[in-house]
Asks: 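I am attaching a structure below and will ask some questions about it afterwards.
Each chain gets a letter, A, B and so on, in the order its sequence line appears, and its residues count up from 1. No hydrogens, no waters, no symmetry mates; every other heavy atom, side chains included, goes into these values.
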Amino acid sequence: MSKSQQPLMSEITPQTEDFSRWYLDVVRKAELADYSPVKGCMVIRPYGYAIWELIQQQLDKRFKDTGHVNAYFPLFIPESLIMREAAHVEGFAPQVAWVTRGGDEELEERLVVRPTSEAIIGTMYAKWIQSWRDLPVLINQWANVVRWEKVTRPFLRTTEFLWQEGHTAHETEAEAEEETLKMLGVYKEFAENVLAMPVLDGQKSSSEKFAGASRTYSIEALMGDGRALQAGTSHNLGQNFARAFEIRFQGRDKALQYAWTTSWGVSTRLIGGVIMAHGDDSGLILPPKIAPYQVVIVPIQRGNWQETVLPKAKAVQADLQSLGVRVFLDAREEFTPGWKFAEWEMRGVPLRLEIGPKDIEKGQVVLARRDTREKMPTPLAELQPRVTSLLDEIQQALLARAIKFREEHTSSSATWDEFTTAMEGRPGYVVARWCGRDVCEAEIKSETQATIRNLPFQQVPGGVCVHCGQPAVTDARFAKSY
RNA sequence: CGGGGCGUGGCUCAGCCUGGUAGAGCACUCGGUUCGGGACCGAGGGGUCGAAGGUUCAAAUCCUUUCGCCCCGACCA
């Protein structure tokens with residue numbers, strides 16, 4: 001290993017030593033988030049929040065492009081409303097926070113802090129929807145939600161988290177299903193093209209379905225330790241919530257009928273996914289499309305650098321900014337270049353631009369890629385197109401690398417023996433035949449820790465279940481998960 | 001919620017067993033020399049030892065309670 005390839009962040013636990021500790025080190029050292037005085041709740045620091053804002057912008061555009069509009073619904077949900085959908089309450093009951101007092105008065109009706117907003121939104125939809133002409137309703141909300149979690153981890157699972165939840169109502173079952181799959185597709189495209197995180201899209205098994213949904217679909221991403229992360233879900237709620245909240249409309253045939261609703265969401269968990277999908281022992285590696293700084297300029301401070309190097313660095317910064325590149329010029333005098341290299345590498349900046357007296361003599365700068373650590377002297381005349389194409393290359397390379405990793409960590413098992421062997425260590429996905437029964441799935445989980453992440457869309461029956469030997473109804477993708 | 005570990009300047013930790021003036025490295029402030037992969041010298045500032053109660057002449061140290069965090073298992077974006 002050459003010197004330039006050695007990890008420099010000795011303050012970060014190596015991934016192979018303890019992946020979970022590595023993750024926490026990166027979150028803290030890169031200043032993405034910090035623990036707060038509130039149990040299970042983290043503070044998203046400016047650098048982490050900037051990533052979230054970039055995720056929001058790019059997702060929001062996709063929602064608007066598919067015909068959705070944003071709105072905002074209340075944080076509190078009256079107890080009576082959340083009780084309406086039986087499966088829904090049962091699913092969320094252990095996780096809700098209650099408000100029982102306002103000021104010094106006991107509330108007549110308790111309020112839950114929303115763990116998700118189907119109940120309150122469904123109630124409003126019932127008022128707004130009268131006729132088939134009112135459909136579809138395509139609303140998204142960016143919000144915080146609260147779920148009383150027993151075990152929390154920054155970004156991956158916190159008591160309060162930020163997300164978006166789309167809630168739509170449709171005239172027909174087919175339309176609702178189309179919407180559910182369309183938004184899953186948006187998530188997949190976004191995860192792969194923006195987060196450079198390849199995902200498997202498919203259907204959740206009935207035991208992992210959203211509380212109250214008819215069908216749940218998910219995208220699943222593979223993390224660097226071989227465990228899978230549910231990165232987004234899209235639910236076809238059938239008429240379950242429409243019946244519970246009386247979302248009814250008069251159809252084209254004049255008959256009164258229940259609407260077909262969907263909901264879909266992704267959260268700040270995506271940031272955790274990006275960290276664990278791309279990061280290495282030196283820290284974070286951010287895909288350019290969500291990097292708060294895509295390029296960091298490190299001037300070499302030698303001699304009268306303020307008169308020579310700094311103006312050039314500022315000119316380069318302006319040139320790149322004019323292309324829409326997010327650039328930070330790190331002209332702090334209290335740190336040496338070497339320190340800054342390590343620091344910005346740890347914080348995942350895709351491209352570093354070094355500029356010193358020697359470069360100015362030669363009319364060039366030195367570019368360094370975060371993903372490959374390759375250093376490239378680049379003539380100033382070629383800088384603009386070079387930076388643009390490099391950012392694009394890095395974006396592509398991260399996706400390609402992650403796809404390769406997933407391929408190397410995907411296997412299939414025909415027998416239970418193969419399955420248990422395959423599940424040892426850090427296996428990634430194991431594809432196997434499955435009988436479709438909850439009990440069998442539960443047994444597999446208790447014996448191997450592996451769960452069904454999702455089922456491929458094409459469910460082809462035949463053969464026998466890898467675990468119980470009964471007739472199989474489909475392939476299933478198993479993995480240990482977060 | 002069970003099992004384990006840890007709470008001492010901002011961070012990582014030593015000190016605790018065997019009670020007796022709170023320490024180190026890094027970070028921070030100031031001055032100077034440096035600067036192409038985490039520079040160096042000098043001088044400084046900063047901690048009611050997670051919290052509460054108890055034992056004691058005396059508690060970071062012993063006892064009790066409590067809170068938080070981390071790891072491993074049962075539930076979840």
Side-chain angles (χ1 to χ4, degrees), chain A residues 2-13 18-21 23-25 28-29 34-42 90-96 115-116 143-165 187 204 207-211 216 218-221 229-235 263-273 282-283 298-303 305 309 331-346 352-360 365-366 368 373 375 377 442 445-446 449 451 481-482:
Chain A
S2 76
K3 194 174 182 185
S4 67
Q5 289 173 321
Q6 285 172 2
L8 294 163
M9 267 308 299
S10 53
E11 295 164 43
I12 294 178
T13 308
D18 185 340
F19 194 85
S20 157
R21 192 164 293 278
Y23 175 78
L24 294 167
D25 287 346
R28 207 178 56 245
K29 301 281 182 188
D34 201 358
Y35 295 103
S36 77
V38 189
K39 182 181 166 71
C41 295
M42 65 172 178
E90 199 186 326
F92 279 102
Q95 284 187 281
V96 298
T116 177
N144 58 339
V145 287
V146 167
R147 298 182 185 177
W148 219 254
E149 298 287 353
K150 290 169 181 170
V151 180
T152 60
R153 278 143 82 69
F155 293 113
L156 299 176
R157 181 173 300 107
T158 47
T159 299
E160 179 188 7
F161 59 94
L162 305 183
W163 76 345
Q164 68 52 226
E165 46 181 328
Y187 288 157
K204 282 291 191 184
S207 69
E208 300 246 340
K209 206 171 61 177
F210 176 74
T216 288
S218 74
I219 53 169
E220 303 280 334
L229 181 75
Q230 180 171 301
T233 48
S234 187
H235 316 291
S263 67
W264 28 274
V266 297
S267 71
T268 38
R269 171 182 277 188
L270 288 176
I271 297 174
S282 297
V298 178
I300 306 304
Q301 306 178 346
R302 189 185 293 166
W305 73 283
V309 177
R332 293 176 295 177
E333 295 192 61
E334 61 268 37
F335 298 106
T336 60
W339 190 92
K340 291 176 186 174
F341 295 171
E343 175 73 6
W344 292 112
E345 223 158 71
M346 188 261 294
R352 181 178 68 244
L353 191 156
E354 304 169 20
I355 180 165
K358 286 185 246 168
D359 297 311
I360 290 172
V365 298
V366 176
R373 294 177 189 282
K375 277 201 185 195
K445 184 176 180 182
S446 70
Q449 291 178 26
T451 53
S481 76
Y482 274 93

Asks: Between A/F341 and A/F335 (judged by ring centroids, cut-off 6.0 Å), do the two rings come close enough to count as a pair?
Replies: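 No, too far apart.
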Asks: Does the structure show a Watson-Crick or G-U wobble partner for B/rG45, both distances under 3.5 Å? Name it, or say none.
Replies: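 By the stated definition (distances under 3.5 Å), nothing pairs with B/rG45.
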Asks: List the residues meeting salt bridge (Lys or Arg N to Asp or Glu O under 4.0 Å) with A/K358, not counting sequence neighbours, and say none if there are none.
Replies: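 Partners of A/K358 by the salt bridge (Lys or Arg N to Asp or Glu O under 4.0 Å) criterion come out as none, since no residue qualifies.
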Asks: Quick check for you: to the nearest 0.5 Å, what is the distance between A/R28 atom CZ and A/D34 atom CG?
Replies: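 These two atoms lie 8.0 Å from each other.
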Asks: So does A/W163 have more than 12 non-hydrogen atoms from other groups sitting under 6.0 Å from CH2?
Replies: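 Enclosed: over 12 neighbouring heavy atoms sit under 6.0 Å from CH2 of A/W163.
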Asks: Are A/F210 and A/F92 side-chain neighbours, meaning at least one heavy-atom pair lies under 4.5 Å?
Replies: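 With C-beta onward as the side chain, the pair touches.
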Asks: A/K39 has an atom NZ; how far is it from atom C1' of B/rC69, in whole Å?
Replies: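 To the nearest whole Å, that distance equals 9 Å.
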Asks: Would you mind pulling out the nucleotide paired to B/rC40, Watson-Crick or G-U wobble, both distances under 3.5 Å?
Replies: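 The base-pairing partner of B/rC40, which may sit in any strand shown, is B/rG32.
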Asks: Looking across every strand, which nucleic acid part, if any, lies under 4.0 Å from A/V366 by heavy atom: base, sugar-phosphate, or nothing?
Replies: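 Touches a base.
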Asks: So, using salt bridge (Lys or Arg N to Asp or Glu O under 4.0 Å) as the criterion, who are the partners of A/K340 when residues are at least two apart?
Replies: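 With neighbours one apart ignored, the set is A/D330.
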Asks: Taking the P atom in each of B/rG45 and B/rG19, what is the distance between them to the nearest angstrom?
Replies: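 33 Å, rounded to whole Å.
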Asks: Looking at B/rU64, which nucleotide sits across from it as a Watson-Crick or G-U wobble partner, both distances under 3.5 angstrom, or is there none?
Replies: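 B/rU64 is paired, partner B/rA52.
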Asks: Can you list everything that forms a salt bridge (Lys or Arg N to Asp or Glu O under 4.0 Å) with A/D18? Sequence neighbours excluded, please.
Replies: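 Residues passing salt bridge (Lys or Arg N to Asp or Glu O under 4.0 Å) with A/D18: A/R21.
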Asks: Given the rule in the side-chain contact (heavy atoms from CB on, under 4.5 Å) test, do A/R269 and A/Y482 qualify, once you have shown the distances and angles that lead to the verdict?
Replies: CA-CA 11 Å; A/R269 171 182 277 188; A/Y482 274 93; 5.7 Å; no
Asks: Grab the CD-P distance between A/E333 and B/rA39 for me, whole Å please.
Replies: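 Rounded to the whole Å, the gap is 16 Å.
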Asks: Once you round it to whole Å, what is the distance between C1' of B/rG36 and CD1 of A/I360?
Replies: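 In whole Å, B/rG36 C1' lies 13 Å from A/I360 CD1.
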Asks: Suppose you measure atom P in B/rG3 against the same atom in B/rG10; what distance do you get, rounded to whole Å?
Replies: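 It comes out at 33 Å once rounded to the nearest Å.
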Asks: Sequence neighbours excluded, which residues qualify as salt bridge (Lys or Arg N to Asp or Glu O under 4.0 Å) partners of A/E354?
Replies: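 Once residues adjacent in sequence are excluded, the partners of A/E354 under the salt bridge (Lys or Arg N to Asp or Glu O under 4.0 Å) criterion are A/R352, A/K375.
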Asks: How many Å lie between CD on A/E343 and C1' on B/rC11, as a whole number?
Replies: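 One finds 14 Å between C1' of B/rC11 and CD of A/E343, rounded.
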Asks: Counting only Watson-Crick pairs (N1-N3 plus N6-O4 or O6-N4) and G-U wobbles (N1-O2, O6-N3), all under 3.5 Å, who is the partner of B/rG20?
Replies: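 Checking every strand shown, B/rG20 finds its partner in B/rC57, with both distances under 3.5 Å.
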Asks: Base, sugar-phosphate, or nothing for A/L270, non-hydrogen atoms under 4.0 angstrom?
Replies: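 No contact at all - A/L270 keeps every heavy atom at 4.0 Å or more from the nucleic acid.
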Asks: If B/rC26 has a Watson-Crick or G-U wobble mate with both distances under 3.5 Å, name it; if not, just say none.
Replies: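 In the structure as shown, B/rC26 has B/rG10 as its Watson-Crick or wobble partner.
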Asks: Where do N or O atoms of nucleotides 72-77 of chain B meet protein N or O atoms at under 3.5 Å, pair by pair?
Replies:
| from | atom 1 | to | atom 2 | distance (Å) |
| --- | --- | --- | --- | --- |
| B/rG73 | OP1 | A/Q449 | OE1 | 3.3 |
| B/rG73 | OP1 | A/Q449 | NE2 | 3.4 |
| B/rC75 | OP2 | A/K445 | NZ | 3.4 |
| B/rC76 | O2 | A/R157 | NE | 2.3 |
| B/rC76 | O2 | A/R157 | NH2 | 2.3 |
| B/rC76 | N3 | A/R157 | NH2 | 2.5 |
| B/rA77 | O3' | A/Q230 | NE2 | 2.4 |
| B/rA77 | N6 | A/T158 | N | 2.8 |
| B/rA77 | N6 | A/T158 | O | 2.9 |
| B/rA77 | N3 | A/S267 | OG | 2.7 |

Asks: Quickly work out the A/W305 CH2 to B/rG36 P distance and round it to whole Å.
Replies: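 To the nearest whole Å, that distance equals 13 Å.
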Asks: Separation of A/R28 atom CZ from B/rG10 atom P, in whole Å?
Replies: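 One finds 14 Å between P of B/rG10 and CZ of A/R28, rounded.
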Asks: How many whole angstroms separate atom CG of A/L353 from atom C1' of B/rG36?
Replies: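 Value for this atom pair: 13 Å.
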Asks: So what does A/K340 touch, heavy atoms closer than 4.0 Å: a base, only the sugar-phosphate, or nothing?
Replies: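 Nothing: the residue A/K340, judged by heavy atoms under 4.0 Å, touches no strand.
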Asks: Which atoms of nucleotides 26-29 of chain B (N or O only) lie under 3.5 Å from a protein N or O atom, and what are those distances?
Replies:
none

Asks: B/rC76 pairs with which nucleotide, Watson-Crick or G-U wobble, both distances below 3.5 Å?
Replies: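 Partner of B/rC76: none.
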Asks: I'd like to check A/M42 versus A/P154 (side-chain heavy atoms, cut-off strictly below 4.5 Å). Are they in contact?
Replies: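 Side-chain contact under 4.5 Å: yes.
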Asks: Within the structure shown, what part of the strands sits under 4.0 Å from A/G40 by heavy-atom distance: base, sugar-phosphate, or nothing?
Replies: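 Sugar-phosphate: the residue A/G40, judged by heavy atoms under 4.0 Å, touches backbone atoms but no base.
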